[in-house]
Amino acid sequence: MIRQYELVETVKGYDPNANESLLNRAYVFSMKAHGSQTRASGDPYFSHPLEVAGILTDMRLDSNTIITALLHDVVEDTGTTTEEIEELFGPEIAKLVDGVTKLSKIEIQTESERQAENFRKFLIAVSDDIRVLLVKLADRLHNMRTIHHIKKPEKRSRIAMETMDIYAPLAERMGMRKLKDELEDISFQQVNPEAYDTILSRLEFLREKGEGIAEEISKGINNALKENGIEAEVFGREKTPYSIWSKMERNHIDFEELADIIAFRVIVDDVDTCYKALGVIHKNWPMVPDRFDDYISTPKRNGYQSIHTAVIGPRQVRIEVQIRTQQMHNISENGVASHWQYKTGGDKNEGVQYKWIRDLLEILDQASTPEEFLEHTKLDMFQDQVFCFTPKGELISLPLGSSVVDFAYAVHTEIGDTCVGGKVNGRPVPLRYQLHNGDQVDIVRSKVRRPSPKWESFVLTGKARSSIRRFRRQQQRGEFEQLGKTLLERAFSREKLDFNEEALELAIKALKFSSLEDLYLDVGRGMTSDQRVLTAVYPGVKFKNLQKARPEPIADWDLYEDDHEHAIPIKGLTPGLAVHLADCCHPVSGDRILGIRVKGEGIMVHTMDCDQLLEQTDDPDRWMDLSWQSYGEEPEFYTGRLELIVVNEAGALANIAQITANHGGNISNLKMPTRDPEFFTMIVDVEVRDSKHLKGIITALRALKVISSANRM
Ligand code: MN
């Protein structure tokens with residue numbers, strides 16, 4: 001275990017601005033807070049945060065990161081609150097500790113590649129500060145180093161899989177190769193111990209066989225460079241068992257010689273010398289074609305820079321050589337973490353120095369200066385996405401602004417088709433509710449599949465949109481058939497004839513339909529009139545009573561009953577499919593209505609007093625008597641349109657919105673066609689349950705001081 005003064009001295013050694021007393025306070029605070037807790041190894045728990053801090057001091061991270069490492073488990077595992085941390089260590093550290101605590105609470109299940117990718121993105125999206133991720137990775141590294149103390153093999157392998165799927169790739173993306181290699185290697189050993197042992201014994205064999213070869217080759221290269229006046233550090237680095245294994249799996253490569261598993265590194269002072277060294281190496285040994293890469297002029301996306309080449313080197317063996325500067329080397333080892341080292345290292349060459357950070361920023365899709373990135377590193381990566389959980393903890397990623405319906409369709413088409421409501425974090429929300437990062441979404445479903453065409457106005461994802469449309473087309477067909485059947489039933493009963501499907505066989509034949517469904521569909525769509533069907537069944541009979549089907553538009557309204565004798569019930573039909581609620585008069589349930597048949601589209605529903613009807617009097621055969629008959633099984637909403645004349649004064653609109661909301665109405669659209677100094681006209685669409693509901697709202701609005709008049713349009 002590192003001692004307190006050692007830790008403080010180390011940090012002070014590379015960070016002259018380190019807050020010594022705060023470091024000391026964090027050390028003592030964490031030790032006391034964890035008290036007598038122990039690790040699986042039997043060690044005092046405090047050894048863990050201390051080791052995590054140690055890993056991060058090796059990367060020379062700033063003192064606030066080190067303090068966060070010391071404190072990273074106190075909120076999660078002891079009685080300490082975030083408020084206490086803030087009081088003792090200030091807001092910045094409190095925020096960092098809180099960030100790490102949040103990450104620890106995320107339960108990760110990786111059932112697929114896609115899942116793992118989503119989780120990595122999620123971790124990044126919820127980490128405001130890149131230092132949170134650095135502490136989390138160091139935390140994971142120490143837990144992996146001590147994983148052998150965990151007794152249950154299933155638990156070990158679960159943690160190892162998670163490390164392999166989530167944290168190692170995350171480290172790689174952040175350019176932290178050293179950490180990534182170690183995480184992968186320990187995980188590999190846990191997940192596939194046989195393979196690990198196989199590679200290890202192969203390595204052992206090659207090492208014995210190639211005794212001294214690595215030193216000999218390094219020396220050979222170094223001498224050649226010296227002869228040309230180049231000072232360099234040359235050494236061979238053995239690949240890790242896991243990287244050998246995965247290369248074998250990927251490329252079916254054999255490893256015959258030690259040189260096959262050692263990459264030689266040539267570290268020089270500056271970029272210029274890198275290219276000079278390359279020249280010397282290619283001059284002395286034949287180059288292997290197709291193995292040359294210049295990542296200095298074109299760095300990798302995570303900032304990695306180096307020249308890669310392969311030659312038939314000393315002792316006539318094929319070797320891989322990587323040429324780089326010391327700084328490139330540090331970055332290749334520690335990636336994101338290493339730029340703290342260069343922050344205080346002077347200003348020379350700053351443009352080049354931070355170039356890779358800028359490249360990283362580009363990936364992060366964020367426009368801020370590298371300096372900001374260093375100081376605050378707001379990670380805006382994946383900010384165009386939102387990550388939510390199913391109740392089972394599966395992670396679903398959606399475009400930002402997605403609704404509960406998008407979520408339901410993302411889980412499964414069937415779930416989307418049957419969703420009627422949602423609960424977010426246990427709280428009921430409307431279907432159009434926009435999801436936030438980390439929301440747990442529970443979909444409330446009905447037994448029937450019934451996506452509403454209205455959802456199209458707020459869904460974002462293509463899957464939801466196309467599913468709704470596809471369903472709508474299917475359903476429309478079904479509703480046309482239902483409507484067609486109802487129309488024929490009514491026509492038969494009007495004529496006091498028995499309605500039966502056998503009788504309709506005659507019509508199917510005479511009118512050349514292929515099935516009963518097709519006949520219903522055609523009648524429902526208004527392509528074939530009921531009179532034509534009647535005549536086909538009873539050729540030669542004259543039907544006199546047709547007139548009765550037509551209601552009088554200017555009837556005595558007080559005699560109106562919703563389920564009068566010949567009215568066609570539109571119960572169960574969805575607005576927008578076979579029946580359409582007219583835009584001119586916005587009928588709502590409970591209104592006195594009648595329908596106009598529109599060829600190919602079904603029935604347009606108008607209120608009995610709609611002005612539009614007067615323009616259609618020349619074709620009375622298309623009119624029909626309709627009734628709602630407790631229209632719809634589930635609570636439906638209708639849009640009523642109001643015209644308000646409003647006194648032009650401050651707060652009028654707020655007043656109107658308030659009263660409407662108080663009465664359970666929802667304003668879905670609002671227009672102000674005219675406005676003068678004293679009054680303005682407002683057209684308001686209000687979603688209501690039925691005409692009674694709408695009347696209630698109108699009455700309440702009329703009672704307002706700012707309302708001069710309120711009427712349905
Ligand atoms: Mn921990």
Side-chain angles (χ1 to χ4, degrees), residues 1-2 4 7 11 23 25-59 61-82 84-85 88-89 93-108 119-120 122-124 126-152 155-156 158-168 170-171 174 176 179-180 182-183 186-187 190 337:
M1 230 159 83
I2 322 161
Q4 184 172 355
L7 182 79
V11 178
L23 265 169
R25 187 187 294 172
Y27 187 102
V28 175
F29 184 88
S30 176
M31 188 166 62
K32 280 191 182 156
H34 287 296
S36 57
Q37 292 175 341
T38 53
R39 299 267 293 170
S41 59
D43 287 341
Y45 193 93
F46 178 60
S47 65
H48 166 66
L50 194 53
E51 289 294 340
V52 174
I55 290 168
L56 295 163
T57 49
D58 286 346
M59 298 179 191
L61 288 169
D62 70 326
S63 66
N64 280 356
T65 309
I66 307 302
I67 291 169
T68 305
L70 288 170
L71 300 173
H72 82 269
D73 275 334
V74 296
V75 175
E76 177 88 359
D77 294 340
T78 78
T80 312
T81 64
T82 313
E84 279 173 78
I85 300 283
L88 286 164
F89 300 97
I93 287 165
K95 208 171 159 241
L96 290 171
V97 172
D98 189 47
V100 183
T101 307
K102 269 191 201 135
L103 290 193
S104 307
K105 283 188 183 145
I106 296 164
E107 254 187 64
I108 291 173
F119 264 111
R120 286 194 294 271
F122 179 60
L123 289 180
I124 295 166
V126 296
S127 311
D128 270 353
D129 191 312
I130 203 158
R131 289 174 295 181
V132 169
L133 281 177
L134 291 174
V135 175
K136 187 67 205 166
L137 286 172
D139 175 44
R140 175 55 59 130
L141 179 60
H142 183 247
N143 285 336
M144 291 308 287
R145 283 178 180 170
T146 53
I147 196 171
H148 53 276
H149 291 297
I150 294 175
K151 290 203 179 63
K152 279 191 188 156
K155 193 176 176 194
R156 283 202 307 267
R158 183 184 59 77
I159 295 173
M161 287 299 286
E162 184 183 285
T163 303
M164 202 71 127
D165 290 341
I166 310 289
Y167 293 100
L170 192 60
M174 291 163 73
M176 305 167 75
L179 197 140
K180 181 207 111 184
E182 195 178 344
L183 287 178
I186 304 171
S187 306
Q190 289 298 333

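Both ligands and their constituent atoms are indexed starting at 1 by order of listing. Note that these values count all heavy atoms, side chains included, but never hydrogens, waters or copies made by symmetry.
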For the Mn ion (ligand 1), find the closest N/O/S atom on D73 and give its atom name. OD2
N, O or S atom of H142 closer to the Mn ion (ligand 1) than 2.8 Å: no
Is E76 close enough that one of its N/O/S atoms sits under 2.8 Å from the Mn ion (ligand 1)? no
Looking just at side-chain N and O atoms, do T101 and D98 make a donor-acceptor pair shorter than 3.5 Å? no
Is a side-chain N or O of [X] found less than 3.5 angstrom from the main chain of [Y], in a donor-acceptor match?
| X | Y | answer |
| --- | --- | --- |
| T163 | L183 | no |
| Q37 | D77 | yes |
| T68 | N64 | yes |

Angle subtended at the Mn ion (ligand 1) by OD1 of D139 and NE2 of H48, nearest 10°: 80°
